[in-house]
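Please read these numbers as outputs of a predicted model, since none were measured by experiment.
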Amino acid sequence: MKETMKYQKFAQMDKATLLSYFGIDGNGLTEHEVEELRNRYGNNQIEYGDKPSLLSEIVRAYITPFTLILFVLAIISFVTDYVLAESDSRDFTSSVIIVTMVMISGTMSFIQSKRSNEAAGRLKEMVKVTANIKRNGQFSEIPTEELVCGDIVKLAAGDLIPADLRLIETKDLFISQAALTGESYPVEKFAKESVESVADVDQPTLGFMGSNVISGSAIGIVVAVGNNTFFGDIAKRMTQEDQLTNFDIGLRKVSKLLMRFMGVMVPVVFLINGLHTNNWIDALIFAISVAVGLTPEMLPMIVTSNLVKGSSTMAKGGTIVKNLNAIQSFGAMDVLCTDKTGTLTQDKIVLERHLNCDGQEDSRVLRHAYLNSYYQTGLKNLMDVAIIEATHRELDFDQSAYHKVDEIPFDFERRRMSVVVEDRNGKTQLITKGAIEEMLQISTNVLKNQQVLPLTDQLKDEIRHQVKELNEDGLRVIAIAQKTNPPKVNEFAIDDEEDMLLIGYLAFLDPPKESTEPALKALADHHVSVKVLTGDNEEVTRAVCGQVGISADKIINGLELSQLDDKELEQAVENYQVFVKVSPKQKAQITKQLQKNGHVVGFMGDGINDAPALTISDVGVSVDTAVDIAKESADIILLEKDLMILEKGVVAGREIFGNIMKYINITISSNFGNVLSILVASVFLPFLPMMPAQLLTLNLIYDISCISIPWDHMDEDYLKTPKNWDASRIQYFMMWFGPVSSIFDVLSFAALFFIIAPGVLGGSYGSLTVEQHELFAAIFHSGWFVVSLWTQTLVLHTLRTRKLPFIQSRPSFIFTTITTVAIILGTLLPFKHLGYYLGLAPLPSSFFILLMGTTLGYLILVTLVKHFYVKKYGKLL
């Protein structure tokens, strides 16, 4: 039975009372205790509302704005064709065809959506978020969902807090609770029992799920898990509304455009046909069929298929897509902001040199650095690992001769960290390592020529010069300082980092990746500019950028950025490609400003300091080895930290967008052309240009052929530039290419009415009997049915590329095969029993001369119009 947790009560408990409350000791839980506490307090999983049932997923797939229109049309058609019709003329063919179209579209959407969710679930399982938990007397990393109340959790900088905790040990612990409170500034937390009467989230002894550790370290006991957490309570009470992405907004604009188009054209068709034939029931039925023809019912399926196929393709290339719609943002991205370390470089840092302040190799410097890195409990970064490995390799050093007294964890404001150690003789040392300038600020003396000298401005300049020379060789340098027998206090703090003795430097090498330069060139070829945002210094960054081909002639640092006003910042983010010594807040600020300037911005990062920028970017990219908060903030996870994978993702995003636009642009323009043709025919023909059931069947065959579009590919030149939604372009496309098809439809009408049908029946329409009128109309309908199918399907091949189809640009095998099969089946339909049932009739051989001439002429004119369209607008799709 789950219990309701009272945060005030836990905040006031001391450690012993807390352990007693859960019936545990300080050694961590046993397997038996884990199961007992899980049964009592529940699982550590947030349920965002009820999981959608199979029925709700089916409803979502079949009920869309487009399918709702089709369902309404099917009902009206059934009423007019069957319920209100005479008993000898009842026909529900149109209703069956409409429902069939809805079923095909809905079923495909459901299958693809189901596959998408399952694939996304499998991919997300590959990105595990873990916590450092004490069980059976030992700390180890376990998945956060396995936590139970009573678990003992160790926290360090960069960790997401995995459940609600009562903190029992803290060391300079600062936590960001922005996800819960919206407050951007971190708050300090303590272990001492709280007697304050404050809001739950403000309790200083409690850490809450969803917040993250900015700096410091702590140990806490889990007091609430899953839906019983503060975060879980918010999740239960709030309405979950997905944020509209650029992709969603674009689809909505297209839907509104189509609705407006339909709202104008359908009534016009109804009125013209009604006035011309004086048969308003038939006119209504035909107008309904036109409405169906105008509705791109396959759009949801085409979109879903494209996104699922894209995510699967990217997964094979080492990319996990957490948010499907982020794929399109990937394709629209024109600026990629990235950190330097591990992205441009190999992320395999080696300690090249350990120098004293005289510039000579000195084992004492390495020994002090080792004690600092070995005993610190925060995130051991790659430099710490390099120091430890170098010490084991070069020194015969026994760390057991020392024990840790205390530590002052790293944070991004001080840019340094300290440990206090004591040897067997009782001698204590405060050992600090950090960025050069920050270390010079806290040092008053320097060890030179084996003498302790005051750190004068002249000596500072000498040190800066030595460090600059190392930086220019591509080496990253940090300083080491120490203080012997610091004043004994209850707890060391940041204020103790003063009056230090600077003893030397550590120089690290992180060589550029071999793939970096070609990857940057590939991104540039696809019009994605790369901006480097790093906390490192100018000299090292310049050296690395020079090695990988990034122009570093102009570099701006964080201090200079902080002094810019809004207008100057707007220009600076455009003019500079390299930003050094920038803080996490400034990374986010640069990303936001680029977005304000009209760019679609991607951000790639893996550290705590990257989380704010990852969150606000259009597409956040991280890696599976990143800290928890970075992985949670990202839309896309790379299984390998390689820019070349990003370039493949950009291409995949643009190909997906291109295939979606093929369907939307070509289908809408074809439908518009058909409506214009119908309007013309309705004025002059003594019968409908095509029966409702025939028009719906034509639309069904065409839509089925469009299922192949997601498996088509885009021309390389199309993939070179970023792609974004522009609903106005769809209107232009429709107005340019729709009337072209109408020209050949009208020519086909004339040929069918005055040549083909009279040739079969031996006379013009006016000279024939009433019985022959039926056959005349059937031949006419069959002719336009086949002509429409050929032109509408083959124009897919013509308008899928700005180049000459088949000659300069070849479609995919799947696309070619399915569209060819659709044309063959549709052409044979008038000769089959089903065609007879639909009111079609076999066509004479003379018709196929008309078919070939009309199709060829149409495709030639479309190609010519395409040339002028591209010349005017600069692109086709």
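Between the side chain of Lys531 and the backbone N or O of Val573 there is at least one donor-acceptor pair closer than 3.5 Å. In terms of modelled atom types and a separation under 3.5 Å, the side chain of Gln595 and the main chain of Ile616 share a donor-acceptor contact. Between the side chain of Asp635 and the backbone N or O of Gly620 there is at least one donor-acceptor pair closer than 3.5 Å. Between the side chain of Thr855 and the main chain of Met852, no donor-acceptor pair closer than 3.5 Å is present. Checked by atom type and distance alone, the side chain of Asp712 never pairs as donor or acceptor with a backbone atom of Pro811 at under 3.5 Å. In this structure a side-chain-to-backbone donor-acceptor pair under 3.5 Å is missing from His526 to Lys720. Side-chain N or O atoms of Asp334 include none that pairs as donor or acceptor with a backbone N or O of His599 at under 3.5 Å. A donor-acceptor pair is defined here as one N or O able to donate and one able to accept, closer than 3.5 Å; no such pair exists between the side chain of Glu655 and the backbone of Val651. A donor-acceptor pair under 3.5 Å links the side-chain atoms of Ser705 to the main chain of Tyr702, judged by distance alone. Between the side chain of Ser741 and the main chain of Gly738, a donor-acceptor pair closer than 3.5 Å is present.
With 3.5 Å as the limit, one finds a donor-acceptor pair spanning the side chains of Gln593 and Asn597. Counted by atom type alone, Thr819 and His797 present one or more donor-acceptor pairs between their side chains at under 3.5 Å. Using modelled atom types and a 3.5 Å distance limit, the side chains of Arg654 and Thr721 yield no donor-acceptor pair. Inspection of the Thr827 and Trp790 side chains reveals an N or O donor paired with an N or O acceptor under 3.5 Å.
Distance check: Arg729 CZ to Leu876 CG gives 10.0 Å after rounding to the nearest 0.5 Å. Taking CZ from Arg800 and OG from Ser809, the interatomic distance works out to 4.0 Å, rounded to the nearest 0.5 Å. Here Leu569 contributes atom CG and Lys596 contributes atom NZ; the two are 8.5 Å apart, rounded to the nearest 0.5 Å.
Within the 4.5 Å cutoff, the side chain of Lys662 has no heavy atoms near those of the Thr667 side chain. Counting heavy atoms from C-beta on, the side chains of Ser670 and Val795 come closer than 4.5 Å. Side-chain contact between Leu825 and Ile701 is absent, with no heavy-atom pair separated by less than 4.5 Å. At a threshold of 4.5 Å between non-hydrogen side-chain atoms, the residues Ile660 and Phe657 do not count as touching.
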Below 3.5 Å, can you tabulate the donor-acceptor pairs from side chains in residues 857-870 to any protein atom, sequence neighbours excluded?
from, atom 1, to, atom 2, distance (Å)
Thr863, OG1, Leu859, O, 2.7
Lys866, NZ, Thr798, O, 2.9
Lys866, NZ, Thr801, O, 2.9
Lys866, NZ, Lys803, O, 2.8

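Asn659 and Pro710 get closest at one heavy-atom pair: ND2-O, 3.8 Å.
Residues Phe815 and Trp711 keep their aromatic ring centres 6.0 Å or farther apart. Aromatic rings from Phe780 and Phe749 are positioned such that their centres are separated by under 6.0 Å.
Lys723 forms a cation-pi arrangement with Tyr718, by the criterion of a distance under 6.0 Å to the ring centre and an angle within 45° of the ring axis.
Scanning for ring pair (Phe, Tyr, Trp, His ring centres under 6.0 Å) contacts around Phe785 gives an empty result, with sequence neighbours left out.
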